[in-house]
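First the structure, in the form of structure tokens, and then the observations on it.
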Amino acid sequence: MFLVDSHCHLDCLDYETLHKSVDDVVAKAAERDVKYLLAVATTLPGFLQMKNLIGKRDNVAYSCGIHPLNLDEGYDFDELARLAADNDVVAMGETGLDYYYQKDNAELQRTSFRQHIRIGRELNKPVIVHTREAKDDTLLVLREEKVQDCGGVLHCFTEDKDTARDLLDLGFYISFSGIVTFRNAEQIREAARFVPLDRILVETDSPYLAPVPHRGKQNQPAYVRDVAEYMAVLKGVSIEELAEVTTRNFCDLFHIDIK
């Protein structure tokens with residue numbers, strides 16, 4: 001069986017007390033059949049530091065982008081385009097809109113989001129999208145910037161079934177995290193039942209949002225197995241089928257040929 005953690009922040013894990021090294025994290029994941037990871041950047045300096053930490057690996061790919069909550073740390077869209085052109089980078093982001101924590105810079109967030117999509121279209125690399133309390137503007141930007149030309153995924157999905165339908169109409173994939181296992185997440189479970197198997201990804205978003213039964217612990221890529229097992233039950237399929245289809249979806253979206 002082959003599972004992919006389609007969204008994790010490997011540079012943010014606890015390497016002092018929880019893990020000995022990146023090798024240790026990768027080995028723990030592989031023990032649970034999680035054999036490929038997408039390491040997601042949230043700032044441009046962070047992208048460079050993450051690449052330095054992780055290095056070049058056959059089982060880890062990178063995204064490059066500026067999270068909407070990190071724009072005050074500086075942004076250079078020419079540098080973003082240059083860094084994103086790296087062959088090890090398979091996606092733009094994470095990018096998007098977050099009006100829950102910050103709304104005073106909403107215009108800047110939208111500008112950055114549009115730039116990520118435009119670079120993604122130029123490079124033929126999909127966008128990894130974060131949205132919180134910004135559903136309408138997120139969909140508007142995606143449509144106006146013709147995101148269908150590069151494709152993308154709404155990661156860590158926390159919206160409703162209608163939003164899922166709108167994203168599917170744009171050709172998007174939808175990624176579910178440990179939140180789907182939370183007791184108060186029935187709206188997300190309803191959406192998960194609705195989204196067809198061939199558009200689903202699974203992720204940890206580690207070190208955040210550890211799934212049941214690991215609530216209260218720091219999340220890690222190995223725990224995507226728990227998300228996948230839960231999703232398999234929701235979708236009425238075996239864990240083997242869920243693993244096969246989500247891995248295939250990941251490869252199709254990010255143009256990766258996993259050996």
Side-chain angles (χ1 to χ4, degrees), residues 1-11 26 29-30 33-42 44 47-48 50-51 54-67 77 79-96 113-130 141-143 145-157 167-177 195-205 221 224 228 241-259:
M1 187 164 63
F2 196 120
L3 283 161
V4 176
D5 185 353
S6 69
H7 192 112
C8 57
H9 301 283
L10 281 181
D11 53 324
V26 170
D33 298 312
V34 183
K35 300 175 184 176
Y36 201 96
L37 316 175
L38 178 52
V40 177
T42 58
L44 298 185
F47 167 76
L48 295 171
M50 183 170 68
K51 281 204 75 181
I54 299 167
K56 192 171 181 67
R57 296 169 182 262
D58 292 338
N59 53 4
V60 180
Y62 294 96
S63 79
C64 182
I66 309 162
H67 192 286
F77 298 127
E79 185 186 13
L80 171 63
R82 181 180 63 80
L83 293 174
D86 188 303
N87 287 336
D88 292 333
V89 172
V90 300
M92 305 299 304
E94 61 186 282
T95 182
F113 189 18
R114 290 180 187 277
Q115 289 289 348
H116 280 75
I117 299 171
R118 290 170 188 174
I119 296 168
R121 290 175 62 202
E122 289 174 12
L123 298 175
N124 191 31
K125 295 183 180 183
V127 289
I128 299 171
V129 177
H130 166 105
V141 170
L142 292 173
R143 291 185 183 114
E145 295 300 330
K146 299 182 175 61
V147 76
Q148 301 94 316
D149 291 352
C150 62
V153 57
L154 198 293
H155 103 92
C156 195
F157 186 84
L167 290 163
L168 294 172
D169 288 344
L170 287 168
F172 250 54
Y173 289 77
I174 295 175
S175 183
F176 293 92
S177 70
V195 177
L197 273 174
D198 64 1
R199 296 288 194 87
I200 287 174
L201 299 180
V202 287
E203 65 170 273
T204 58
D205 200 16
V224 88
E241 182 178 351
L242 195 286
E244 180 183 0
V245 73
T246 54
T247 297
R248 184 168 64 245
N249 295 344
F250 178 86
C251 293
D252 289 347
L253 173 60
F254 295 112
H255 314 300
I256 294 174
D257 182 16
I258 294 176
K259 306 296 184 190

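Position 1 is the first residue of the sequence, and the numbers go up from there.
Taking 4.5 Å as the limit, every side-chain heavy atom of L167 sits out of range of all side-chain heavy atoms of R199. The shortest distance between side-chain heavy atoms of I66 and T42 does not fall below 4.5 Å. The side-chain heavy atoms of P221 and L10, taken from C-beta on, include a pair separated by under 4.5 Å. Side chains of L48 and L83 form a contact here, defined as non-hydrogen atoms less than 4.5 Å apart. Residues L170 and R143 form a side-chain contact, since some pair of their non-hydrogen atoms from C-beta on lies under 4.5 Å apart. The shortest side-chain heavy-atom distance between V90 and L38 falls under the 4.5 Å cut-off.
A donor-acceptor contact shorter than 3.5 Å is absent between the side chain of K35 and the backbone of A29. Distance alone, capped at 3.5 Å, is enough to place a donor-acceptor pair between the N249 side chain and the L197 backbone. Counting only distance, with no hydrogens or angles, the side chain of H9 and the backbone of V40 share a donor-acceptor pair below 3.5 Å. In this structure, S6 contributes its side chain and L201 its backbone to no donor-acceptor pair below 3.5 Å. Using a distance-only test at 3.5 Å, with no hydrogens or angles considered, no donor-acceptor pair links the side chain of D33 to the main chain of F2. The main-chain N or O of E145 is found under 3.5 Å from a side-chain atom of R121 such that the two form a donor-acceptor pair. K125 contributes no side-chain N or O that, together with a main-chain N or O of C150, makes up a donor-acceptor pair within less than 3.5 Å.
Under the 3.5 Å distance criterion, with hydrogens and angles disregarded, a donor-acceptor pair is assigned to the side chains of T204 and D5.
For the atom pair SG (C64) and CD (E94), the distance works out to 12.5 Å, reported to the nearest 0.5 Å. To the nearest 0.5 Å, atoms CG (D205) and OG (S175) are separated by 8.5 Å. The NE2 atom of H130 sits 4.0 Å away from atom NE2 of H67, with the distance rounded to the nearest 0.5 Å. Distance check: Y36 OH to F254 CZ gives 10.0 Å after rounding to the nearest 0.5 Å. Here the CD atom belonging to E203 is positioned 12.0 Å from the CZ atom belonging to F157, to the nearest 0.5 angstrom. We find the CG-CZ distance between L142 and F172 to be 4.5 Å, quoted to the nearest 0.5 Å.
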Self-check item: Check against side-chain contact (heavy atoms from CB on, under 4.5 Å), V153 and I174
Solution: CA-CA 5 Å; V153 57; I174 295 175; 5.8 Å; no

Practice problem: Check the pair H7 / I128 against side-chain contact (heavy atoms from CB on, under 4.5 Å), numbers first and verdict last. | Solution: CA-CA 9 Å; H7 192 112; I128 299 171; 3.6 Å; yes

Practice problem: Any chance you could lay out the side-chain contact (heavy atoms from CB on, under 4.5 Å) test for I117 and M92, step after step, and finish with the verdict? | Solution: CA-CA 8 Å; I117 299 171; M92 305 299 304; over 6 Å; no

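When all heavy atoms of L242 and T246 are compared, the closest pair comes out as O-OG1, 2.7 Å. F47 and A41 get closest at one heavy-atom pair: CB-CB, 3.8 Å. The minimum heavy-atom distance linking A81 with L123 is given by the pair O-CD1, 4.2 Å. A pairwise comparison of heavy atoms in I54 and A39 identifies CD1-CB, 3.9 Å as the closest pair. Closest non-hydrogen pair, I200 versus Y173, comes out as N-CD2, 4.5 Å. Considering every non-hydrogen atom in both L37 and V34, the closest pair reads CD2-CG1, 3.9 Å.
For the side chain to side chain contact (heavy atoms under 4.5 Å, CB included) test with T247, the passing option among D252, V4, V202 is V4; the others fail.
Salt-bridge formation is not detected for the pair R248/D198: no Lys NZ or Arg NE/NH1/NH2 atom is positioned less than 4.0 Å from an Asp or Glu carboxylate oxygen.
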